[in-house]
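Encoded as structure tokens, the structure appears first; notes follow it.
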Amino acid sequence: MNFRTPITIDTNEILSLETGVVSLGSCFSESISQRIKNISASPSKVLVNPFGVLFNPNSIAGFLNNYEEGELSKSIIKKGEAYYSLLAHSSVFEKTKDELISKLLNQQQELISSLANSNILIITFGSAWYYYHQSTSLNVANCHKIPNKEFEKRMLSASEIIDSYQEIFERLKEINPELNVLITVSPVRHWKDGYRENTVSKANLHTAVHELCKASYCHYFPSYEIQMDELRDYRFYKEDMLHPSEQAIDFIWNKFKAACYSPSDNKRIQEIEKINRFAEHRPSNADEHKQKLEELKKKFISSYKINPWGN
């Protein structure tokens, strides 16, 4: 008897260790994409959330559409001794407004350049809910603890997401015909929106993604379904009972590797991850540990002619 409901994944081995990757989206996307970067033959070719965690499709689309400098300027607020943007996560900040605008413009340019030279764009949608800032007329990514009265809470329909991203993907394919898109829906539940509101939000995301993935270059990875069905137990959640545990993320990552990389790449990944785990050990003899680590890396690089630990 089978006590699980395994999810069938069909992504046609669209990644390799040499693949250039851009990843945008929720905190779940960071967990998976950082693992991609850790095993990449060219870590510098893997760009992960340059604007921090972005949950709603509007905010991700804004940066893919390249915000104007005026929009970025209008989005800047000061809290304490630092400046933040309503369009980016709170992890993105600077000491002055001008420095933050310059940083965001540079990151946008890096994003455009990376998309032109990457093989895969990974997008993880977290929620169809977003907030409209009334005084600036901006759809924001982060409210930065500004009073709720300054915002209007809105939900994106599936058709709005579809129309926006079909246009974005067509434009990106003109810039880079080799670009493929991998979309996933975050399994993290946005409980603060309300239990039913979260369900409707996820439904809109799934409906939109289903339509977008009808394009030959667009693929779906079922992280949501893996968490909800294969890992249908609260022991696979963190203490808040909303976010997947590290064990769950590792399980999903293993499914991701098996589906998205070739068998030969998976063999190399297994060795890379063993070396990375060895590097994380707390040895009793630091000098011996460092020497052994360097020997393992040199042996791997010599065997496979790639250096996942380089720049």
Hydrophobic cluster membership, Leu47 vs Ile39, 4.5 Å side-chain cutoff: no
Test item: side-chain donor near acceptor, Asn254 and Lys257, under 3.5 Å: yes
By salt bridge (Lys or Arg N to Asp or Glu O under 4.0 Å) - contacts of Lys153 (at least two apart): Asp193
Flag for Ser159-Ser157: side-chain donor and acceptor within less than 3.5 Å: yes
Atom of Gly126, atom of Ser186 and distance for their closest heavy-atom approach: CA-CB, 4.0 Å
Parallel, tilted or perpendicular: ring planes of Tyr261 versus Phe256, cut at 30 and 60 degrees: perpendicular
Audit row: Asn204, Thr207, side chain to side chain donor-acceptor pair (under 3.5 Å) steps and yes/no: CA-CA 5 Å; Asn204 285 0; Thr207 301; 5.5 Å; no
Residues Asp240, Lys238: salt bridge by 4.0 Å N-O rule: no
Those residues that, when tested against Asp287, pass side-chain hydrogen bond (donor to acceptor under 3.5 Å, both in side chains) (two or more places apart): none
Contacts of Glu178 that satisfy salt bridge (Lys or Arg N to Asp or Glu O under 4.0 Å) - sequence neighbours left out: none
Interatomic distance, Lys97 atom NZ to Lys78 atom NZ [nearest 0.5 angstrom]: 12.0 Å
Full working for side chain to side chain donor-acceptor pair (under 3.5 Å) between Thr19 and Ser16: CA-CA 5 Å; Thr19 298; Ser16 75; 2.9 Å; yes
Pairs touching residues 31-59 that satisfy ring-ring contact (aromatic ring centres under 6.0 Å, His included), sequence neighbours left out: Phe51-Phe63, Phe55-His190
Side-chain heavy-atom pair Asn176, Leu115 within 4.5 angstrom cut-off: no
Inter-residue atom distance Ser201.OG - Arg189.CZ, 0.5 Å rounding: 13.5 Å
Non-hydrogen atoms of Leu17 and Ile306 that approach each other most closely: CD1-CD1, 3.7 Å
Ser73 side, atom OG; Ile76 side, atom CD1 - distance, nearest 0.5 Å: 6.5 Å
By salt bridge (Lys or Arg N to Asp or Glu O under 4.0 Å) - contacts of Arg154 (at least two apart): Glu152
Validation row: Ser85, Leu87 side chains within 4.5 angstrom (heavy atoms): yes
Side-chain donor or acceptor of Asn139 paired with backbone N/O of Tyr130 under 3.5 Å: no
Side-chain donor-acceptor contact under 3.5 Å, Trp253 with Glu273: yes
Residues that Glu69 engages under salt bridge (Lys or Arg N to Asp or Glu O under 4.0 Å), provided they are two or more places apart: none
Listed partners of Gln107 passing side-chain hydrogen bond (donor to acceptor under 3.5 Å, both in side chains), at least two apart: none
Listed partners of Asn276 passing side-chain hydrogen bond (donor to acceptor under 3.5 Å, both in side chains), at least two apart: Trp309
Min side-chain heavy-atom separation Leu86-Asn142 under 4.5 Å: no
Inter- and intrachain pairs under side chain to side chain donor-acceptor pair (under 3.5 Å), touching residues 208-228, at least two apart: Asn180-His219, Thr184-Ser223, Glu211-Lys214, Tyr220-Glu225
Which atom of Ile120 lies closest to which atom of Ile14, heavy atoms considered: CD1-O, 3.6 Å
Ring pair (Phe, Tyr, Trp, His ring centres under 6.0 Å) involving Tyr234 - partner list, sequence neighbours excluded: Tyr237
Polar side chain donor-acceptor pair, Tyr83 to Glu99, under 3.5 angstrom: no
Within-4.5 Å side-chain heavy-atom neighbours: Lys298 and Ile301: no
Distance flag, aromatic centroids of His243 and Phe28, threshold under 6.0 Å: no
Side chains of Pro244 and Val188 in contact at under 4.5 Å (non-hydrogen atoms): yes
ring-ring contact (aromatic ring centres under 6.0 Å, His included) partners of residues 92-114, not counting sequence neighbours, each pair once: Tyr84-Phe93
Closest non-hydrogen atom pair, Pro43 against Pro308: CG-O, 3.2 Å
Counterpart residues, ring pair (Phe, Tyr, Trp, His ring centres under 6.0 Å), relative to Tyr165 (two or more places apart): Phe125, Phe169
Donor-acceptor contact below 3.5 Å, side chain Ser75 vs main chain Leu72: yes
